[in-house]
Amino acid sequence: MFPNFPLFPKQASTLAGPVDALYFFLVAITAFFSILIAVGIVFFAVKFRRRHPDEIGHPIHGSLILELTWTLIPLAIAMMIFVWGAGLYFKLITPPADATEVYVVGKRWMWKAQHLGGQREINELHVPVGQAVKLIIGSEDVIHSFYIPEFRVKMDAVPGRSTMLWFQATEAGEYHLFCAEYCGMSHSRMIGKIVVMTPPDFQTWLSGGKPSGSMAEEGEKLFTSLGCASCHLPDGTGRAPKMMGVFGSTVKLQDGSTVTADENYIRESIMTPMAKIVAGYAPLMPTFQGQVSEEQLAQIIAYIKSLNSKASATSGTN
Ligand code: CUA
């Protein structure tokens, strides 16, 4: 749609075109009015210059038409930018339901990624072309920002929180990955590459990773070794709620409010268990702050998520 201007990175994701279109529109609007105003200043300065030392200008008593024009036209333009920008924003924060999940952790000064199958990589992220990929991003220390210029996507990695970024690459190849938030001495070296592969190549790459277990399996091991399993009994008779079917559900809390059990809720329940007590349960759970790393937390979340597909598989066979 737009010329491949060498000033701009290549457009290599489905979101790149729409993001650039809005950006170029903003540049065009800004350029149009900058030129209009600059030319107007020069034109009027020449046209209405003072020709005699005793010349006095006409008194002006206002103009309703003029006032309305310069109010309504900018209002219409601003509203158009608002609607366009909001639409694009919702696109950027809403991953397709079939997106493949990858967990990413920022740490001074590297990016670590874990695929659901258990494959791990550092400062590299392999993804298939033409498939939506959803990154669930965390940070082990300070704020970082995961930025892929060719995809026109960027998301902060915030300590104590899970953030999300999604993209669908449109062309196989290698693309820059940057940390776009100053995070200390080697911030400028916190770089890597996104390797976009054809689906068969990606499958080959995945099978070459030889992980010890999938993320969910590693998460299940942690769930047992950390003692979670002794209270969160699978049949719901334990001192703590069962985990099957929790992810994505609406949880009722002791104070009568409800919360959607997303990544951030699971994270908070593990790190700050007292923050939200599930209705009908006593506040017994200890915090796991400092005992669980960001990567392990991702494995536990992946495990809890995987219980949902197990639940539906079980109910399907019954
Ligand atoms: Cu991490 Cu800058």
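As the structure lists them, so they are numbered: ligands from 1, and atoms in each ligand from 1. Model, not experiment: these values are computed from the prediction.
- Using the six-membered ring where Trp is involved, Phe223 and Tyr303 have ring planes that are tilted, between 30° and 60° apart.
- Aromatic ring orientation, Tyr23 versus Phe8: perpendicular (interplanar angle above 60°, classes split at 30° and 60°).
- With sequence neighbours excluded, no residue satisfies ring pair (Phe, Tyr, Trp, His ring centres under 6.0 Å) with Tyr147.
- Only protein atoms were considered; those of element N, O or S under 2.8 Å from atom 2 (Cu) of ligand 1 number 4.
- Clustering of Ile, Leu, Val, Met, Phe, Trp and Tyr side chains at separations under 4.5 Å places Phe48 together with Phe43, Phe44.
- For the salt bridge (charged side-chain N to carboxylate O under 4.0 Å, His left out) condition, no pair includes a residue of residues 48-61, sequence neighbours left out.
- Ring geometry for Trp111 versus His144: interplanar angle over 60°, hence perpendicular rather than tilted (30 to 60°).
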